[in-house]
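Here is the structure we will look at, set down as structure tokens.
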2 protein chains.
Amino acid sequence: MSLLVTGTIGIDTLTTPFGQADDVLGGSAVHFSFAASLFSPVRLVGVVGSDFPEKFRRMLAERDIDLAGLEIRAAGKTFRWSGRYVGDMHDAETTQIALNVIAEAPPKIPPVFRDTPCVFLAATDPDLQQDFIRQCTGAKLIVADTRDLWIHTRRDSLAALLAKVHGAIMNDGEARLLTGETNLILAGRKVLSCGPRFVVIKKGEHGAMLVTAERVFVLPAYPTTEVRDPTGAGDSFAGGMMGYLAARGSHEFPELKRALVRGTITASYTIEDFGVNRIRSISTADIDTRLREYAEAMRFD
Amino acid sequence: MSLLVTGTIGIDTLTTPFGQADDVLGGSAVHFSFAASLFSPVRLVGVVGSDFPEKFRRMLAERDIDLAGLEIRAAGKTFRWSGRYVGDMHDAETTQIALNVIAEAPPKIPPVFRDTPCVFLAATDPDLQQDFIRQCTGAKLIVADTRDLWIHTRRDSLAALLAKVHGAIMNDGEARLLTGETNLILAGRKVLSCGPRFVVIKKGEHGAMLVTAERVFVLPAYPTTEVRDPTGAGDSFAGGMMGYLAARGSHEFPELKRALVRGTITASYTIEDFGVNRIRSISTADIDTRLREYAEAMRFD
């Protein structure tokens, strides 16, 4: 099955304790797409300006990523973000941001994409995410990401969005902020009470948790010392997870568990180098190899 | 194989969002012993005052815990600690502390205990931990815990201690503080460079990590909403781990992995009620049941 993603496409400048990368390809939909395309064909929906480098478009086109939904606005400029990570690289500090075309009218889902069975809505205004859902008339599985900004500013819209998706994904701090629950299982269940059938809570270096009404699955991050740039880790995780679900055509609990494992492994590559450098260089064989190592390392009986 | 533990025995007053427990049995060696005695006979070494309630002594004696090393000082008073947990119950705030007999001369390892093959040294002054090691002439496996206080105040003594143990256990913050490394695998390896053959890093709600020179094992905490009092979670974890290793008579890597799993399961019971209430009430059958649930919940293929 194919998989549609809506989200940002940007030009990033990244600074970490391991160096700096200037004007590299970034954005939530980009990191998602590189990850997901290791598992399933991807349909990318997003908007850039006339300054969007042709080489970035080619980098995307080299993967199984359909760019019919990549809108290039001649009069606009591409979204730009500069971020710096210090110390434990837990949180990025935004040092510069220019929304540019992101602040204009949102892109439309192209008619040829409207039958896509799997849809991932990267974090943005929850009203816009609902608008995307209305356009995806053939969707069988819709999963939405969100972030603290929307919890603070659009709580009601976010609740309305959650009533329309099958799955929600957010990080641990956002789950706590949204629900007021400290315990992540309780937080997850409170999110479920808004409508989704499953919630995935990302915990960064501590892994991820899957919560459904009846069950919980928790898994550690891939243990690694190779962390040079965490940018895109969460979007890669979501991409690996959704790509796998799209390929399997199911989101039953055992498949969701396996999907979280694929997300974990995919994200473990992303963070090894700046931007999309590392994820661009790997194949499904690399995923399979690391997946076997991870499964073996986790085994205790 | 039997297992010796040195550490505190105290009277705790505990306040959490779920209630309060006044003057209950506590202390690192106590939480450790209840946990470890589910797997192996335990030899407890510690000191209390004349105010130590006889019912607390009986509670310990009901388990397979040898109290020949429990020294009762007629002129002294028992160590007392009052702690409060708020919000996410991540850290205890000490509201009152009276070291009492803990501030006097340390207990001696009774001659009949000196041949104990497995020894666990709960966190205390690392010079004292080294003194215990000198007395444990028959020890084949020595594991020491430490805490931030000793990293801040006794770094050299702690390094000397680490050169004399087979295994070290500490929490994630302490591993980072001790080594200056943010990445826990790198932190673990730096601890290994002081001497131990393995390091266990406890991550609270996020589980635990085992680091040896060649390998890493990481596992999540048992997912639970039943957390009423985190006091003793770390000591219970160590107790379950060491009790299992003592029972197996091995600390090869696969056994260490299984030992961490036992520690995880044991600690998951401790936190369900105040003090030792919950851990006192369970049997090895309960451990086995939850262990199966955990292994099944973790399985993804």
Side-chain angles (χ1 to χ4, degrees), chain A residues 17 85-90 172-173 176 180-190 201 203-211 215-228 244 253-262 264-265 271 291-301, chain B residues 17 85-90 172-173 176 180-190 201 203-211 215-228 244 253-262 264-265 271 291-301:
Chain A
Y85 300 84
V86 293
D88 65 2
M89 300 194 286
H90 197 277
D172 46 358
R176 288 176 170 136
E181 293 286 350
T182 296
N183 182 287
L184 291 177
I185 302 172
L186 296 179
R189 291 200 187 134
K190 226 167 182 174
I201 300 174
K203 305 193 294 169
E205 61 162 327
H206 299 301
M209 180 182 275
L210 166 67
V211 183
R215 301 176 76 176
V216 173
F217 174 57
V218 55
L219 82 174
Y222 177 81
T224 179
T225 60
E226 302 289 307
V227 187
R228 274 183 204 83
Y244 178 81
F253 195 79
E255 293 289 13
L256 284 172
K257 287 168 79 166
R258 291 182 200 113
L260 262 75
V261 177
R262 270 67 181 181
T264 296
I265 299 301
I271 61 182
L291 191 56
R292 277 193 301 273
E293 284 169 19
Y294 179 76
E296 175 58 29
M298 299 267 298
R299 234 164 47 90
F300 50 80
D301 257 332
Chain B
Y85 301 83
V86 293
D88 64 3
M89 299 193 288
H90 197 277
D172 47 357
R176 288 175 170 137
E181 294 286 349
T182 296
N183 182 287
L184 291 178
I185 301 173
L186 296 179
R189 290 198 186 136
K190 226 166 183 175
I201 300 174
K203 307 194 293 172
E205 63 163 325
H206 299 301
M209 179 181 277
L210 166 67
V211 183
R215 302 176 75 175
V216 174
F217 174 57
V218 55
L219 82 173
Y222 177 81
T224 179
T225 59
E226 302 289 308
V227 187
R228 273 182 205 83
Y244 179 81
F253 195 79
E255 293 289 11
L256 284 172
K257 287 168 79 166
R258 291 182 200 113
L260 262 75
V261 177
R262 269 67 183 181
T264 296
I265 299 303
I271 61 182
L291 191 57
R292 277 194 300 273
E293 285 170 19
Y294 179 76
E296 175 58 30
M298 298 268 297
R299 236 164 45 90
F300 50 81
D301 257 334

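Chain letters run A, B, ... following the sequence lines, proteins first, then strands; residues in each count from 1. Note: hydrogens, waters and symmetry copies are ignored here, and every other heavy atom, side chains too, is used.
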Quiz item: Rounded to the nearest 0.5 Å, how far apart are CG of B:L256 and CZ of A:F300?
Solution: 14.5 Å
Quiz item: Which of the residues A:R215, A:R176, A:M89 is involved in the greatest number of heavy-atom pairs with chain B at under 4.5 angstrom?
Solution: A:R176
Quiz item: Who wins among A:V261, A:L184, A:T225 for the most heavy-atom pairs under 4.5 Å with chain B?
Solution: A:T225
Exercise. Could you look at B:V218 and say if it's the side chain, the backbone, both or neither that has a heavy atom under 4.5 Å from chain A?
Key: both
Self-check item: Nearest-0.5 Å distance, CZ of residue A:R299 to CE of residue B:M298
Solution: 12.5 Å
Exercise. Among the options A:V227, A:V216, A:T224, pick out the one with the most heavy-atom pairs lying under 4.5 Å from chain B.
Key: A:T224
Exercise. Side chain from CB out, backbone as N, CA, C, O: work out which of these in B:F253 comes under 4.5 Å of a heavy atom of chain A, or both, or neither.
Key: neither
Self-check item: Spacing of CZ belonging to B:F217 relative to CG belonging to B:L260, to within rounding of 0.5 Å
Solution: 6.5 Å
Quiz item: Yes or no on side-chain contact (heavy atoms from CB on, under 4.5 Å) for B:R258 and B:E255, after CA distance, side-chain angles and deciding distance?
Solution: CA-CA 5 Å; B:R258 291 182 200 113; B:E255 293 289 11; 3.5 Å; yes
Practice problem: Can you measure from CD1 (A:I185) to CD (B:E226) and round to the nearest 0.5 angstrom? | Solution: 9.5 Å
Quiz item: Measuring from B:Y294:OH to B:I265:CD1, what's the distance to the nearest 0.5 Å?
Solution: 6.5 Å
Exercise. Can you tell which part of B:A295 gets under 4.5 Å to a heavy atom of chain A, answering side chain, backbone, both or neither?
Key: both
Quiz prompt | Among B:G207, B:A221, B:P220, residue most engaged with chain A (heavy-atom pairs, under 4.5 Å) | solution = B:P220
